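Report on the following structure.
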Amino acid sequence: MTRGGTGADAGTGGTAPARRRGRPSRTEAEDGPGARERILTAARAEFAARGYEKTSVRGIAKAAAVDPALVHHYYGTKEQVFEAAVEMSFAPALNAPEAVLEGGLDGVGERLTRFVFGVWENPVTREPLLAIVRSALTNDVAAAVFRKLVARQLLRRIAGELAVPDADLRAELAAAQLVGTALLRYVIKLEPLASADPEQIVARVAPVVQQHLTGP
């Protein structure tokens, strides 16, 4: 794997909370109340089109029609902008714990599997997810951001509902089953998996996910 970016555009080995730094050449009032959202939307589009390595803070600023200093002002480094863009793109999947745990642990494997593949099957959410996953596969910084977000906001919340000593491992194995299948189907497009009916995939994968989460 290669490491992306240098200087102000690069990550710093961690993802500290976004900080305001420098003084934008234009005030928030001049850029309007939607400046933050415009920057984040532009960042998601830039990362989707170019990947982590080829995206720059300057390019994001240009796409959002703001000064680069305003990007740093709101989000900090490129790594922090990427983390915010990942969270924005991955938001539907991060709601999974609440959605799938409402019915208790019985049948949780099928509910989780249906939820995850429902997100992937939706063209609106699939495209940004594809971009994020591709960046994570080719760049260490992007992979670290993606890993931290998934671990913190998805796996730990599911593991917290499992009354077993190895809950974290179980949740990670369940996620590995889902992410691995999604990777082969949507990114690598391995046949016949890529063309299989989603219901067939759910029928095969859900019992394995259930076993990971609640089996002996």
Side-chain angles (χ1 to χ4, degrees), residues 1-4 41 43-55 82-83 85-97 99-101 103 105-155 157-159 168-216:
M1 287 188 179
T2 57
R3 298 185 180 274
T41 299
R44 188 173 76 167
E46 287 291 298
F47 286 122
R50 303 174 185 275
Y52 184 87
E53 301 235 6
K54 294 182 179 179
T55 297
F82 181 77
E83 183 169 6
V86 170
E87 189 158 4
M88 177 185 183
S89 299
F90 209 60
L94 295 177
N95 293 326
V100 304
L101 292 171
L105 293 180
D106 289 338
V108 67
E110 181 175 348
R111 291 195 300 276
L112 179 58
T113 303
R114 286 190 179 281
F115 188 98
V116 169
F117 283 98
V119 173
W120 277 104
E121 286 295 316
N122 184 341
V124 175
T125 48
R126 180 170 64 242
E127 288 308 312
L129 278 177
L130 281 171
I132 296 304
V133 170
R134 286 174 181 140
S135 291
L137 288 175
T138 59
N139 182 273
D140 290 346
V141 174
V145 169
F146 182 75
R147 185 167 57 244
K148 187 182 90 167
L149 187 67
V150 171
R152 182 182 69 229
Q153 299 211 35
L154 182 60
L155 297 183
R157 286 155 70 185
I158 293 176
D168 287 337
L169 177 60
R170 286 171 175 264
E172 288 178 4
L173 288 170
Q177 187 74 40
L178 294 169
V179 172
T181 304
L183 183 67
L184 291 175
R185 176 174 170 84
Y186 301 104
V187 180
I188 299 176
K189 297 183 179 180
L190 183 67
E191 294 291 358
L193 178 60
S195 301
D197 186 278
E199 285 298 317
Q200 185 179 6
I201 296 173
V202 171
R204 294 284 187 180
V205 174
V208 181
V209 173
Q210 182 76 40
Q211 177 70 17
H212 282 315
L213 293 175
T214 64

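Model, not experiment: these values are computed from the prediction.
Between T55 and R50, the closest heavy-atom pair is OG1-CB, 3.6 Å. Of all heavy-atom pairs between E53 and T138, the closest is OE2-O, 3.9 Å.
The side-chain contact (heavy atoms from CB on, under 4.5 Å) check on L183 picks up V133, L137, V187, I188, with sequence neighbours excluded. Residues satisfying the side-chain contact (heavy atoms from CB on, under 4.5 Å) test with D197, not counting sequence neighbours, are E199, Q200.
A donor-acceptor pair under 3.5 Å is formed between the side chain of S135 and the backbone N or O of Y52. R147 places no side-chain N or O within donor-acceptor distance of the main-chain N or O of A142, the cut-off being under 3.5 Å.
Within the 4.5 Å cutoff, the side chain of L130 has heavy atoms near those of the R126 side chain. A 4.5 Å side-chain heavy-atom check between W120 and P198 finds every atom pair outside the cut-off.
A distance of 5.0 Å separates CD1 in I201 from CG in L193, rounded to the nearest 0.5 Å. Atom CG of L178 and atom CZ of F117 lie 5.5 Å apart (nearest 0.5 Å). Atom-to-atom distance recorded for I158:CD1 and R170:CZ is 13.5 Å, nearest 0.5 angstrom.
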Yes or no on side chain to side chain donor-acceptor pair (under 3.5 Å) for Y186 and E121, after CA distance, side-chain angles and deciding distance? CA-CA 9 Å; Y186 301 104; E121 286 295 316; 2.4 Å; yes
Exercise answer: donor-acceptor pairs, residues 202-214 side-chain atoms, under 3.5 Å, sequence neighbours excluded:
residue : atom : partner : partner atom : Å
Q210    : OE1  : V108    : N            : 3.1
Q210    : OE1  : G109    : N            : 2.6
Q210    : NE2  : L105    : O            : 3.1
Q210    : NE2  : T214    : OG1          : 2.9
T214    : OG1  : Q210    : O            : 3.0

